[in-house]
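Here is the structure we will look at.
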Amino acid sequence: MPLDLTLDLGTPAHLGRTVSVLLPLAVDGPYTYKVPAGMELAPGDIVRVPLGPREMIGAVWDDPVDPSVGHNRLRAVLHHYDSPPIDPSLRRFVDWVANYTLSQRGMVLRMVLRAPDALEPERAVAALRVTGKTPDRVTPSRQRVLDALAGGEPMPKSAVAAFAAVSSSVVNGLLEQGALEAVPLPPPPLTLPPEPDFARPTFDPGQDDAAKLLRASVDEETFSVTLIDGVTGSGKTEVYFEALAETLRMGKQALVLLPEIALTVDFLDRFARRFGHRPAEWHSEMPPRMRERVWRGVATGAVQAVVGARSALFLPFQKLGLVVVDEEHDTAYKQEEGVIYNARDMAVVRGHIGGFPVVLASATPSIESRVNADQGRYRRILLTARYAAAKLPEITPVDLRIDTPERGQFLAPSLVKAIEETIANKGQALLFLNRRGYAPLTLCRSCGHRFQCPNCSTWLVDHRFRGQLVCHHCGHNERRPDQCPVCDAEDSLVACGPGVERVAEEVATRFPDARRIVLSSDLLGGVKKMREEFDAIRNGAADIIIGTQLVAKGHNFPLLALVGVVDADLGLAHGDPRAAERTFQLLAQVTGRAGRAGGDSRALLQTYAPEHPVIAAIASGDREAFYAREIESRRIAVLPPFGRLAGIIISAADRATSYGYAMALRRTAPESGPVMVLGPSEAPLAVLRGRHRFRLLVQAPRSVDLQAFLRTWLAEAPAVRGSLRVQVDIDPQSFL
DNA sequence: AGGGGATATTAC
DNA sequence: TAATATCCCCTA
């Protein structure tokens with residue numbers, strides 16, 4: 001039989017249709033796939049495709065198909081999921097974020113497709129009901145099971161077992177005998193719809209104006225950013241809930257972002273008190289099943305309100321109408337691994353692309369947001385009064401040069417006195433020290449040896465409770481020895497400086513009868529224990545709380561009458577350009593814990609530098625003075641002219657900061673030549689300059705001899721070396 | 001030669 | 001990302 005030579009695979013007429021599919025991989029562009037006959041695909045559709053030896057879920061993307069891939073290499077789409085497509089604004093957002101953060105589009109898509117099983121039809125919950133058939137033997141436990149189901153209503157297996165107080169094997173036995181049968185039960189609704197008018201609060205005039213403004217911005221149905229700048233306890237949450245209510249009334253979805261640590265039951269309950277039901281949650285600790293359900297609910301529009309951590313920003317909302325970023329200054333919004341982004345900034349971008357309002361809220365706004373508000377890019381709402389009867393605490397600096405603690409102790413006499421008075425008045429006292437462990441440094445009195453991390457250039461922190469010396473930078477730990485490893489002297493090791501454990505020790509000696517609780521992220525017992533501790537504090541089962549920055553965030557202490565900051569200067573000496581801002585925020589947040597439920601309260605700041613602008617601003621309550629000064633000192637965003645720049649050396653105290661610099665450079669000097677500044681882990685060269693380590697973040701085509709290039713460049717670029725104080729992110733929204 | 005470990009490449 | 005290819009060092 002002659003071959004059929006009319007079949008010519010090389011002509012377009014026989015090639016069939018193709019689509020671009022973006023896959024959740026570290027690739028920047030989509031791959032091309034054949035569309036099988038009978039399948040209709042449009043951009044945004046979610047598909048399953050073959051990739052090498054495996055299968056993968058991806059999304060049809062807007063890029064034109066790449067004609068350079070030989071048609072013989074193309075494989076066909078396997079399946080088109082019956083799921084709402086990723087809408088155009090989310091697709092644009094993915095592309096935008098990838099471009100801005102210098103990461104591959106596939107990696108950003110991966111954040112959207114975080115719950116792949118959500119695409120499979122939801123499995124019904126298996127429930128049991130009685131068949132009427134009698135088992136061969138009716139034991140008392142079996143009878144209890146039958147009684148439990150006697151009403152005829154099917155019940156999930158675990159519920160039956162629990163209700164009848166039997167083990168699941170008893171239930172299984174009845175199932176085998178045919179006395180019970182399994183029936184599929186539709187899963188209960190994930191969340192009940194929040195009711196915008198469930199419990200409308202009464203506002204004072206300031207709050208009422210703020211709420212009106214927010215409602216109006218929602219009604220505009222267009223992009224805007226509003227910064228709610230309100231002191232702790234001014235009712236920010238209740239005010240932005242009004243924007244949320246308005247969004248819900250318009251039939252749109254709303255997202256509230258919180259720093260992971262603030263995602264507590266407290267907040268969900270607060271939401272429920274205002275809207276009648278808890279919102280859907282989204283964060284890293286969620287069980288996979290729940291995750292899938294939320295993802296699907298958001299995609300179909302069944303879920304109207306989500307409260308989540310930063311990754312919730314990438315959920316496939318069907319009709320998103322509002323994003324609120326609460327505690328917008330919080331550094332937890334910065335993702336430091338994989339795709340490096342700041343969710344606060346990306347929320348603004350998502351609002352811009354989607355054409356809806358974004359609300360940023362904080363008692364201590366970031367410098368970036370303040371600058372944007374000052375320059376008129378953001379609207380600003382100021383809430384200066386505390387809610388109801390609550391008064392701000394009276395804040396006093398304690399000058400440690402005058403009011404000196406006893407040798408080997410860390411609490412100044414005036415702070416000790418304040419604690420005594422507080423306890424005598426049945427109030428609670430919080431001692432805040434942002435340092436875990438017992439002491440930050442251990443040294444040998446006889447030879448001067450200091451315990452240092454073998455991997456990092458940091459001291460090992462004495463964790464006496466655990467009997468270890470720990471590096472807080474890389475996690476390295478070793479047993480705390482009894483004698484000096486260098487000179488073998490016995491009993492010569494001394495702990496220098498305080499950590500929370502040491503403060504707790506001092507408190508135990510001074511106030512033996514006071515009930516103490518130490519709160520630190522590294523204490524044994526985990527989340528459950530921690531929750532119990534917080535409950536105990538709320539119930540008044542503690543007199544003195546000693547804690548790290550854990551206590552500054554998310555939790556309320558209604559009985560708190562005194563806050564003592566053990567070392568208010570801690571952090572101010574850091575080389576980090578944001579050191580002052582961070583310290584200001586932390587001190588404001590921790591002192592703001594006091595007196596929120598009413599009554600007089602005070603805060604004492606132990607310091608060696610009462611005149612330092614940050615300490616002075618906190619003590620006087622003059623926030624404006626701090627902001628004005630800090631904004632001025634950061635106005636250095638002047639970069640040297642780059643011309644044929646290949647890369648830049650960046651002060652890399654933390655990776656995300658250096659990455660931010662890199663991004664700013666890219667935006668400031670887009671013409672910087674063939675070599676692109678990039679993060680994160682590539683460090684082909686490290687230079688030491690003074691005590692700071694600089695990391696070079698450069699990516700170059702393989703053809704470039706980087707080492708040689710950099711040697712030349714460093715020799716020729718003293719101007720660049722001398723201008724390392726580059727400040728960025730002061731204007732993250734310059735793209736708008 | 002061949003195993004094991006680290007590192008680079010590739011997938012439509 | 002995950003599977004696979006490549007390279008390098010080492011032992012036998």
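By convention in this document, chain letters (A, B, ...) are assigned in the order of the sequence lines, proteins followed by strands, and residues within each chain are numbered from 1.
Within 4.0 Å of A/Met56, counting heavy atoms only, lies no atom of the nucleic acid at all.
Checked against a 6.0 Å centroid threshold, the rings of A/Phe314 and A/Tyr341 count as neighbours.
Between A/Phe93 and A/Leu313, the closest side-chain pair of non-hydrogen atoms falls below 4.5 Å. Two residues are said to be in side-chain contact when any heavy atoms from C-beta on lie closer than 4.5 Å; A/Trp61 and A/Asp95 meet this criterion. Annotation: side chain of A/Arg480 is in contact with side chain of A/Leu469 (closest heavy-atom distance under 4.5 Å). Two residues are said to be in side-chain contact when any heavy atoms from C-beta on lie closer than 4.5 Å; A/Met111 and A/Gln335 meet this criterion.
Of the candidates A/Leu25, A/Leu23, A/Ile86, A/Leu109 forms a side-chain contact (heavy atoms from CB on, under 4.5 Å) with just one, namely A/Ile86.
For DNA chain C, the outermost nucleotides in 5' to 3' order that have an atom under 4.0 Å from a heavy atom of chain A are C/dT1 to C/dA3.
The neighbour count for A/Arg291 CZ, taken as heavy atoms of other residues, nucleotides or ligands under 6.0 Å away, is above 12.
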Using a 3.5 Å cut-off and no angle test, enumerate the donor-acceptor pairs between side-chain atoms of residues 72-80 of chain A and protein atoms at least two apart in sequence or in another chain.
from: A/Arg75; atom 1: NH1; to: A/Gly52; atom 2: O; distance (Å): 3.0
from: A/His80; atom 1: ND1; to: A/Glu40; atom 2: O; distance (Å): 3.4
from: A/His80; atom 1: NE2; to: A/Asp45; atom 2: OD2; distance (Å): 3.4

Atom pairs, protein N/O to nucleotides 10-12 of chain B N/O, distance under 3.5 Å:
from: B/dA11; atom 1: O3'; to: A/Gly52; atom 2: N; distance (Å): 3.3
from: B/dA11; atom 1: N7; to: A/Tyr31; atom 2: OH; distance (Å): 2.9
from: B/dC12; atom 1: OP1; to: A/Gly52; atom 2: N; distance (Å): 3.4
from: B/dC12; atom 1: OP1; to: A/Arg75; atom 2: NH1; distance (Å): 3.2
from: B/dC12; atom 1: O3'; to: A/Thr32; atom 2: O; distance (Å): 2.9
from: B/dC12; atom 1: O3'; to: A/Arg75; atom 2: N; distance (Å): 3.0
from: B/dC12; atom 1: O2; to: A/Thr32; atom 2: N; distance (Å): 2.6

